[in-house]
Each structure stands twice: as structure tokens, then as C-alpha cells.
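These notes are about the structure you will find just below.
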2 protein chains.
Amino acid sequence: MQRMTRQRAAVSEVLADTEDFRSAQQLHDMLREAGHSVGLATVYRTMQTLAENGDVDVLRNAEGESLFRRCRKQVHHHHLVCRICGRTVELDAGVVEHWAADVGQSHGFVDVEHTAELFGTCAECMAAGAVDTRDA
Amino acid sequence: MQRMTRQRAAVSEVLADTEDFRSAQQLHDMLREAGHSVGLATVYRTMQTLAENGDVDVLRNAEGESLFRRCRKQVHHHHLVCRICGRTVELDAGVVEHWAADVGQSHGFVDVEHTAELFGTCAECMAAGAVDTRDA
DNA sequence: CTGTGCATGGGAACCATTCTCACTTGCAGG
DNA sequence: CCTGCAAGTGAGAATGGTTCCCATGCACAG
């Protein structure tokens, strides 16, 4: 059974405050800055639960670290993520869907699913001199 | 400068022996079984070098572990992997490249890279009754 | 043959994530 | 309101893949 605890409320609050993908550690920091005391393990546990429920999107960056973001569309989509600040654009990608289905079929594969994510440096971070501006 | 060492030869040999994606640890085990003594760190270093040279393909499984496989095409490409038997098809994907560049630019992102992998069930595995035959 | 400096190995260091377990606490039912 | 207890929490330990360190080894040009 799901209980509503102080910690879960705090996590939801922080998640609601940002559009961008954040690591568990970042979320943990943001919680502390917001005056909430939530253990790192609890952040991980909560994100896991939310992910299972489809309430957050999860993806892995180049370093293999998991990034989370509150999910708005339940439908399948992809992301363009700034590797510096985490700013994210949700993408509809008919091209990709079509390509995947097409290629799968032509090779005799069925039940084909795909992953596709784009990482780049957004205009602002580029202007900022390619310096990592994430606040710790 | 690249030196040809006993260890690198051994790694190449083992890589040439399989079509499938293998983790560094698996490669390390395969080397030992083949009678070669190669340090784990050396396996990692070698795979890193090979990956940089485009001699092996790298992808991350669901657990975030890096998997390697000898590469036949030097050019950037993607994979269609059978989720049952691991059979892999290398794909040219001009569509995807174009889409990535296009989307990145239209959102003001620079230095855009992308990941894209397809997972499905191949015809043979489908015929075999959709039973997972991977050995643990 | 020999010197130079890249390569190696193995054990420590790293780091994200998960586990452990004693301690809290939400909450249903008295 | 109490109260019991299972779900939730947190601090730190454990895990596991990967990288780093550094003394030693060895490929290869000269």
C-alpha cells in the first residue's frame, strides 16, 4: 500500500518544479536546498516507484547515470537533452518510429521496440562559454 | 603509438571468435579459458582504444553495463538486436542521422550526438516458439 | 643490443546504486 | 483519540562495474 509521507510529498514538489532531467543526487541536493531532509536512499526508492508507475521518464546519460524527469506525455516519445544543464525538449519522432518498424520488418523481426535519445549542448550553455553551470 | 602486444593479440583473437555482444568481464573470462592471462584493466583499456578507433561497437544493456562486439563497418551505424538469441544486424540509418542533426539544429543545440538501438524478436526465435534460449 | 616510453597488472580508488536493519510513522480499526 | 503493525525511512555498509596508480615489463626504432 502507498502511504503519503513527508518525503514523497517533497520529492513530488521538487519534480514539479523542473522541466529538466535530473540525477538522483541532484534531486537529493535540490531537496536539501528546499529545506527538506530526505535520505538519498529514499530518493532512489521513490524514483524507482514513480518510474514503475510511469510517472517519470528515465534515461541514462553517456556516463551511465540515471536521469529522471516528471513525465507529461504517457505516449511514447524521445528527448533532446542538454548535456550541460539538463534542459530537455520532448520530441515526436514519426520518422524514427517509421524507420524502426520498417527496418524490423525487412529483417524479419517482430515486436520491435527502440530506444533513441539525443544529447547536445543548448544555445544558452554554449553562450555561457561551454562551462558547466549546474549549481551544486 | 600502438604496440602489438601479446595481450592485444589475445583480445583480438577472442573478439574474432564471437558475433555477440560481450561485457568486459565476459571477455576477461573467455581469455582465461583460452589460456591467455590478461589483466582486467588491460581488457578495459583495450576495449576503450578499440572503441575509439571504431574497431568495436559498444552499447549498454539495461543494467548500464558496457557490451562490446567486433565491428565490421567503420562508419557510424546502429543495431537491430534479437532480444532472445542476441543475433545482431548492423544498420545504416541515414534517416536517423538526418533527423538528429535536423532536430538538434532547429532547437539551437550544437554538438549533437545520439543513441538509437532496436530490439526485437528474430524470425527464427519466433518460429522456435518465442522461448528464451539464452544461457544465463 | 639497448634505451625509451608505451603497455601491463593487480589492487586500491571511485561512484552510482542497492541493501541492511533498527527506528519512525501513516493509518485502519478499535 | 489510542494502538498495533506494516510500510517507510536513513545512515552507513555493501556491491559491482570501471578507472586510477605506479612499479615493472616489453615492443621496437636506432
Side-chain angles (χ1 to χ4, degrees), chain A residues 1-15 20-53 55-69 81 83-84 86 117 119 132 134 136, chain B residues 1-15 20-53 55-69 115 117 136:
Chain A
M1 180 228 284
Q2 282 287 78
R3 286 181 186 167
M4 180 45 60
T5 65
R6 174 180 65 74
Q7 291 87 341
R8 282 179 190 168
V11 169
S12 297
E13 192 180 309
V14 169
L15 278 175
D20 307 333
F21 275 94
R22 300 264 110 109
S23 69
Q25 313 258 2
Q26 283 178 315
L27 290 171
H28 182 237
D29 290 343
M30 291 166 73
L31 283 165
R32 186 152 24 139
E33 276 166 30
H36 299 106
S37 168
V38 179
L40 185 55
T42 298
V43 174
Y44 276 107
R45 269 187 302 242
T46 304
M47 296 322 292
Q48 200 170 305
T49 304
L50 291 175
E52 278 163 12
N53 296 359
D55 294 325
V56 295
D57 289 333
V58 190
L59 62 80
R60 291 186 180 255
N61 65 12
E63 287 76 45
E65 188 178 19
S66 292
L67 303 181
F68 309 92
R69 173 187 130 116
V81 185
R83 65 166 68 81
I84 308 292
E117 303 295 344
F119 296 93
D132 193 324
R134 276 175 300 194
Chain B
M1 181 228 284
Q2 281 291 78
R3 286 181 185 168
M4 180 45 58
T5 65
R6 174 180 63 74
Q7 292 84 343
R8 282 179 191 169
V11 169
S12 298
E13 192 181 307
V14 169
L15 278 175
D20 305 336
F21 278 94
R22 300 262 112 108
S23 70
Q25 313 259 1
Q26 283 179 314
L27 290 170
H28 183 237
D29 289 343
M30 291 167 73
L31 283 165
R32 190 164 17 175
E33 277 166 31
H36 299 106
S37 168
V38 179
L40 184 55
T42 299
V43 174
Y44 276 108
R45 267 188 304 244
T46 303
M47 296 322 292
Q48 198 170 304
T49 304
L50 290 175
E52 278 164 11
N53 296 359
D55 295 324
V56 295
D57 290 334
V58 190
L59 63 78
R60 292 187 179 252
N61 65 14
E63 287 76 46
E65 187 178 21
S66 293
L67 303 181
F68 308 92
R69 173 187 128 119
T115 65
E117 303 295 343

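FYI, side chains are in, hydrogens and waters are out, and symmetry mates aren't considered; it's all heavy atoms of this structure. Below, read A as the first sequence line, B as the second, and so on, with proteins coming before strands; counting in each chain starts at 1.
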Expressed in angstrom and rounded to an integer, what is the separation of [X] atom [atom1] from [N] atom [atom2]?
{"X": "A:L40", "N": "D:dA13", "atom1": "CG", "atom2": "C1'", "result": "14 Å"}
{"X": "B:L31", "N": "C:dG9", "atom1": "CG", "atom2": "P", "result": "10 Å"}
{"X": "A:E63", "N": "C:dT17", "atom1": "CD", "atom2": "C1'", "result": "16 Å"}
{"X": "A:Q48", "N": "C:dA16", "atom1": "CD", "atom2": "P", "result": "17 Å"}
{"X": "A:H36", "N": "D:dG8", "atom1": "NE2", "atom2": "P", "result": "19 Å"}
{"X": "B:Q25", "N": "D:dG16", "atom1": "CD", "atom2": "P", "result": "10 Å"}
{"X": "B:E65", "N": "D:dT19", "atom1": "CD", "atom2": "C1'", "result": "15 Å"}
{"X": "B:L27", "N": "D:dT18", "atom1": "CG", "atom2": "C1'", "result": "14 Å"}

Sequence neighbours left out, what passes side-chain hydrogen bond (donor to acceptor under 3.5 Å, both in side chains) with [X]? Give chain and number order.
{"X": "B:S66", "value": "none"}
{"X": "B:E65", "value": "B:N61"}
{"X": "A:Q2", "value": "A:R8"}

Distance below 4.0 Å between [X] side-chain N/O and [N] OP1 or OP2:
{"X": "B:R60", "N": "D:dG17", "result": "no"}
{"X": "B:Y44", "N": "D:dT18", "result": "yes"}
{"X": "B:S66", "N": "D:dT18", "result": "yes"}

Review item, side-chain donor-acceptor pairs of residues 28-38 of chain B, under 3.5 Å, at least two apart:
| residue | atom | partner | partner atom | Å |
| --- | --- | --- | --- | --- |
| B:H28 | NE2 | B:V38 | O | 3.1 |
| B:D29 | OD1 | B:R32 | NH2 | 3.2 |

Go along nucleotides 21-30 of chain C 5' to 3' and tag each nucleotide: B for a protein heavy atom under 4.0 Å from its base, S when only backbone or sugar atoms are that close, - otherwise.
----BBS---
Quantify the bending of the helix from C:dC1-D:dG30 to C:dG30-D:dC1 as the angle between its end axes, each fitted on five pairs, to 10°.
30°
Selection from D:dT18, C:dG11, D:dG12 that lies nearest to any side-chain heavy atom of A:A41
D:dG12
Locate the shortest heavy-atom distance separating [X] from [Y]; write the atom from each residue and the value.
{"X": "A:M47", "Y": "A:F68", "result": "CE-CB, 3.3 Å"}
{"X": "A:F21", "Y": "A:V81", "result": "CD1-CG2, 4.1 Å"}
{"X": "A:V43", "Y": "A:A24", "result": "CG1-O, 3.8 Å"}

Within this structure, what is the OG1-CZ distance for the pair B:T115 and A:F119, rounded to the nearest 0.5 Å?
6.0 Å
Which value, rounded to the nearest 0.5 Å, describes the distance between A:R69 atom CZ and A:D55 atom CG?
13.5 Å
Within the structure shown, what part of the strands sits under 4.0 Å from B:S37 by heavy-atom distance: base, sugar-phosphate, or nothing?
sugar-phosphate
